[in-house]
Amino acid sequence: MNFDLSEENVQVKNMARKFAEKEIIPHVKSYEDHGKFPKDILQKMGQAGMFGACFPERYGGSELGFLNFAIIAEEISRAHPAFGYAFNMQAMTCPLTILNWGTEEQIENYVPRLIAADYIGMFALTESGGGSDAAGSMKTTARLKGEGYELNGSKMFITFANEADVGVLFAKTDTAAGVKGITAFIIETDRPGFDAKPIEISSLGHMMRSCEVFLDQYRIPIQNRLGQEGEGFKIAMNALDYGRLSVAARLVGIAQGCIDAAIQYCNERVVGGRRIGEYQMIQHLIADMVVETEAARMLVYKSAYLKDKGEAATRESAHAKYYAAEVATKVSRSAFEIFGGYALTDEYPILKYLSYANMLHVGEGSANVQRILIAQDALGWKNANRHHINRKFSLKSDL
Ligand SMILES: Cc1cc2nc3c(=O)[nH]c(=O)nc-3n(C[C@H](O)[C@H](O)[C@H](O)COP(=O)(O)OP(=O)(O)OC[C@H]3O[C@@H](n4cnc5c(N)ncnc54)[C@H](O)[C@@H]3O)c2cc1C
C-alpha cells in the first residue's frame, strides 16, 4: 500500500492550483457582480483537460483518470466552490453518462463538445415531489408519438439548465411500472417546449444557477433516447456513483479552503494581545479541521482509485460523499467561529464555503440517503456494489 501521490498526481495538483490562481480568482468577482455565467473560464478548464480526465483521447479526453480528476475537482473547489459544479455537469453526470450508456453516434455528437465546455451540460433527475425518492416522486412523462417522444412535466434544482445546450433527463415511459418505467433521454434545449427558470438561492451567488425546468409538449427523436426504455433508473444510479465522487472531492476542496484561510487568519488576527492561534480552544478547532479533512480526502482517493481499476465503487463513493459532507459542513462552521464577525463579510470566503458545503450536503443524495445506503450494505441487506458497471472504454491510467 502506498499513500504517496505520484509525480504525475503532484503535477496535476500544481497545474490546477496555478490555473485557479491565474484564470479564476482574479476574474470571478466581476462574473458574480454581473451574474454572468463564466462559459469562457469553463472552456479554458476544458482546454486544460480538466473535464476530460476520465474520457478516452479519441473523444477529446485527457485520460488522466479518476484520481487525477478528484485532485483537480478538489483544487478548483478550494479556489472557488461554484466552479466545482462544472465537474458534475461538464464531466461526471452528463457526458460520462452519455459515454457509458450512449450509442457511438450519441457519444461522438455530444461528449467531445461537453468536455470542451463548448456545450454546457445538465443532469435532470430531481422533481419537486422529493429528490430523496427520485423514482417514486417522478411525474414527468415521455410518450412515444410517431418518430419521436413527447415529454411533459417539470424538474427541480437543475444546475446550469438556464445555460445548458444538452442534458441527460429522466422521464416515465410507463407510469405503472415503478422504477422499471423510467427512461433516460438526451435533451437538446433549443427545441420548442423546453424552458428553464433560475431559482433564487442568493447564498450561492448569481453566476451559476440551479433552475426549475419545464417540459411542455417537448418533442425529440427516438435517437435521443439514452439506453433502452425502462433502463433509466439504472442509468441514473450509475451516474450518481460518479457524481458522488465528484461531490466528495469538491467537499474536501471546500474544507481545505476553510483550513487555509483559517490558518492564515489565526496567525494574523491579534485579540487580547495574542494571535488567536495561540488560544488552545482555537487550536482544538484547527486540529479537528486538519485531521478530519485528511480522513475525508483518503476516502475520496480510495473511491477514485477503485474507479481507475474499473470498479463502480458505489459503496466507497457513498462513504466518501457522506463523510466529506459531514466534515466540510463541520470544518466550515469551525472556520466561521474562528473568523468571528468577519466570517459574515465579503472580505473573506467563509460564508461562501459554508453555503456550498450545506448545499453539497444535500446534493447528489442527502446525508440520510447515504446513511440508508451505507447501513443497508453493512447490514448485508443490499450489496451497495451490485450496481451494473457499463464502462465500454478503458483509459491508459487503468490499473
Ligand atoms: C443548489 C442545488 C443544486 C442541485 N442540482 C441538481 C441537479 O443538477 N440535478 C438534479 O437532478 N438534482 C439537483 N439537486 C437536487 C438534489 O439532489 C436534491 O435536493 C436532493 O436529492 C434532496 O432532495 P430534496 O431537496 O427534494 O429533499 P427531500 O427529498 O424532500 O428530503 C428532505 C429531508 O428528508 C430526508 N429524507 C427523505 N427521505 C428520507 C428517508 N427515506 N429516510 C430518512 N430521511 C429522509 C432527507 O435526507 C432530507 O433531510 C440540486 C439541489 C440543490 C439544492
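Whatever order the structure lists ligands and atoms in, that order sets their numbers, starting from 1.
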Item to check | Heavy-atom side-chain proximity of L42 to M45 below 4.5 angstrom | outcome: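 They are in contact (side-chain heavy atoms under 4.5 Å apart), so the answer is yes.
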Could you check whether any side-chain N or O of [X] sits under 3.5 Å from a backbone N or O of [Y], counting only pairs where one atom can act as donor and the other as acceptor?
X: K352; Y: D346; answer: no
X: K39; Y: Y119; answer: no
X: S137; Y: E127; answer: no
X: R274; Y: V270; answer: no

Which protein non-hydrogen atom lies closest to [atom], naming both residue and atom, and how far is it?
atom: atom 9 (N) of ligand 1; result: F123 O, 2.8 Å
atom: atom 8 (O) of ligand 1; result: T159 N, 3.0 Å
atom: atom 26 (O) of ligand 1; result: G131 N, 2.8 Å

Just distances here: any N/O of [X] and N/O of ligand 1 closer than 3.5 Å?
X: F157; result: yes
X: S210; result: no
X: N368; result: yes
X: A367; result: no
X: G365; result: no
X: T126; result: yes
X: I158; result: no
X: S132; result: yes

Number the atoms of ligand 1 from 1 as they appear, then name those within less than 4.0 Å of a heavy atom of [X], with their elements.
X: E364; result: 17 (O)
X: M359; result: 1 (C), 2 (C)
X: Y85; result: 1 (C)
X: L125; result: 11 (O)
X: G130; result: 26 (O), 29 (O)

Item to check | Centroid-centroid under 6.0 Å between F51 and F69 rings | outcome: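 Here the rings of F69 and F51 have centres that are no less than 6.0 Å from each other.
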Checklist entry - Are F66 and Y305 close enough that their ring centers fall under 6.0 Å? => result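 When the ring centroids of F66 and Y305 are compared, they turn out to be at least 6.0 Å apart.
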Checklist entry - Could K307 and Y242 be counted as a cation-pi pair, given that NZ or CZ must be under 6.0 Å from the ring centre and within 45° of the axis? => result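 Judged by the rule (NZ or CZ under 6.0 Å from the ring centre, within 45° of its axis), K307 counts as positioned above Y242.
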Kindly state if [atom] has a protein heavy atom within a strict 4.0 Å cut-off, that is, under 4.0 Å?
atom: atom 20 (C) of ligand 1; result: yes
atom: atom 5 (N) of ligand 1; result: yes
atom: atom 39 (C) of ligand 1; result: no

Checklist entry - If you measure from atom 41 (N) of ligand 1 to every heavy atom of L204, T93, I372, V362, which option wins on shortest distance? => result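 Selected option, by shortest heavy-atom distance: I372.
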Checklist entry - Relative to atom 48 (C) of ligand 1, which among G129, A236, S366 owns the nearest non-hydrogen atom? => result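 Heavy atom nearest to atom 48 (C) of ligand 1 belongs to S366.
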Checklist entry - For F160, is the nearest heavy atom under 4.0 Å from an atom of ligand 1? => result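 No, F160 has no heavy atom closer than 4.0 Å to ligand 1.
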Next on the checklist: Yes or no: does M89 have any heavy atom under 4.0 Å from an atom of ligand 1?
Outcome noted: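 Contact check M89 vs ligand 1: positive.
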Do [X] and [Y] have side-chain atoms, one donor and one acceptor, less than 3.5 Å apart?
X: N152; Y: Q217; answer: no
X: Q256; Y: Y353; answer: no
X: N368; Y: R371; answer: yes

Next on the checklist: Students often mix this up, so state it plainly: with edges at 30° and 60°, are the rings of Y265 and Y342 parallel, tilted or perpendicular?
Outcome noted: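 The rings of Y265 and Y342 sit tilted, inter-plane angle from 30° to 60°.
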Next on the checklist: Consider side-chain hydrogen bond (donor to acceptor under 3.5 Å, both in side chains). Of R219, E229, R143, which one does Y149 pass it with?
Outcome noted: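 Among R219, E229, R143, the one that satisfies the side-chain hydrogen bond (donor to acceptor under 3.5 Å, both in side chains) with Y149 is E229.
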Checklist entry - How many angstroms lie between atom CG of N88 and atom CZ of R244, to the nearest 0.5 angstrom? => result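 N88 CG to R244 CZ: 11.5 Å, rounded to 0.5 Å.
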